[in-house]
Amino acid sequence: MNKAKRSAVIAGNWKMNKTPSEAKALIEEMKPLVKDAGCDVVLCVPFIDVPAAVEAAKGSNIKIGAENVHFKASGAYTGEISAEMLTEAGVEYVVIGHSERRTYFGETDQTVNLRTLAALNAGLKAIVCVGETLEQRELGYTETLLKFQTKMALTNVTKEQLKNVIIAYEPVWAIGTGVTATADQADEGNGFVRAAVAEVYGEEAAQALTVQYGGSMNAGNAEELLAKENVDGGLIGGASLKAPDFAAIVAAASK
Ligand code: 13P
């Protein structure tokens, strides 16, 4: 982290976990544990949990995010949720292009870009996910892939809008596997993302960009990962479902 240059953001991604009543209970449990955080604290929750989560987080330092957004403003898109629906419900952040959406739901670099633009145009903060598979890493394509995914996701995003973008480097092989990237691998991957942003927007904008690491980050390894210059926070899956674990990561980012 380099808090002199950019904000540190710890975001939970609950994925398809927690009912509305469970969401309320977990947030109530988390509130006192993270109230003195020296970083931004975000919980990205299932759509159906949003009203309960926004209500539970009211008056606290926890911001609520969603886990996806559709790229059209409205229309015949059965089952989808627009950016305006999210903002009106009190959502401030949205995860876009998570590898699970790329793998299971046909998300492409193009749709990631369209969703990012829709989110930013509606005033949401976009947490855009990029990351290589193990096969791509072993073939030596990590840098190429991360730079490509980053640039594709940001196509037509203005320099001004970039201020509302966070990029999360999530190596696919580290997600939900218990295999964390080493701190050096995380720092390197995040550095590739920052370099791609510098190539398009210039060094100053790239230095101001928050780049998170995600993939089996937990209470035990967060401090070492966050100590790296390019790791400005985390996108946390499993460990964000337990209040003490999530709070410990927030505490590590608050130092
Ligand atoms: P885990 O922390 O469970 O590995 O998940 C990471 C992730 O995918 C966050 O978006």
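Since the structure is predicted, the reported quantities are computational estimates derived from the model, not experimental observations. In listed order, ligands and their atoms are each counted from 1.
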Asker: Decide side-chain contact (heavy atoms from CB on, under 4.5 Å) for Val94 and Ile127; before the verdict, give the C-alpha distance in whole Å, the side-chain angles of both, and the deciding distance to 0.1 Å.
Answerer: CA-CA 6 Å; Val94 61; Ile127 302 177; over 6 Å; no
Asker: Near Lys15, which atoms of ligand 1 are under 4.0 Å from a heavy atom of that residue?
Answerer: 5 (O), 6 (C), 7 (C), 8 (O)
Asker: Would you mind running through ligand 1 and noting each atom that sits below 4.0 Å from a heavy atom of Gly237?
Answerer: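 Every atom of ligand 1 under 4.0 Å from some heavy atom of Gly237: 1 (P), 2 (O), 3 (O), 5 (O), 6 (C), 9 (C).
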Asker: Would you mind running through ligand 1 and noting each atom that sits below 4.0 Å from a heavy atom of Glu170?
Answerer: 6 (C), 7 (C), 8 (O), 9 (C), 10 (O)
Asker: Among Thr180, Asp232, Leu235, which residue satisfies the side-chain contact (heavy atoms from CB on, under 4.5 Å) criterion with Tyr213?
Answerer: Thr180
Asker: Within ligand 1, which atoms have a heavy atom of Gly215 less than 4.0 Å away?
Answerer: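 Once the distances to Gly215 are compared, the set is 4 (O), 6 (C).
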Asker: Have Gln161 and Asn121 got a donor and an acceptor in their side chains that come within less than 3.5 Å?
Answerer: yes
Asker: At a 4.0 Å threshold, what atoms of ligand 1 neighbour a non-hydrogen atom of Ser216?
Answerer: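 This gives 1 (P), 2 (O), 4 (O) as the contact atoms.
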Asker: Between Arg115 and Glu107, does any NZ, NE, NH1 or NH2 come within less than 4.0 Å of an OD or OE carboxylate oxygen?
Answerer: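 Yes, this pair counts.
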Asker: Out of curiosity, is Ala174 lining ligand 1, as in a heavy atom under 4.0 Å away?
Answerer: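 Contact present.
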Asker: Distance under 4.0 Å to a non-hydrogen atom of Leu235: what atoms of ligand 1 satisfy this?
Answerer: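 Taking each heavy atom of Leu235 in turn, ligand 1 has 9 (C), 10 (O) under 4.0 Å.
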Asker: In terms of atom number and element, which parts of ligand 1 are under 4.0 angstrom from non-hydrogen atoms of Gly238?
Answerer: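 Answer for ligand 1: 1 (P), 2 (O), 3 (O).
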Asker: Closer than 4.0 Å to some heavy atom of Asn13 - which atoms of ligand 1 meet that?
Answerer: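 Answer, ordered by atom number: 9 (C), 10 (O).
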Asker: Charged N to carboxylate O below 4.0 Å: is that the case for Lys72 and Glu80?
Answerer: no
Asker: Would you say the side-chain atoms of Gln136 and Thr133 include a donor-acceptor pair closer than 3.5 Å?
Answerer: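 The answer is yes; a qualifying pair exists.
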Asker: Mind checking whether Ala239 has a heavy atom under 4.0 Å from ligand 1?
Answerer: no
Asker: Report yes or no: is the cationic atom of Lys125 (NZ for Lys, CZ for Arg) closer than 6.0 Å to the six-membered ring centre of Tyr93, at no more than 45° off its axis?
Answerer: yes
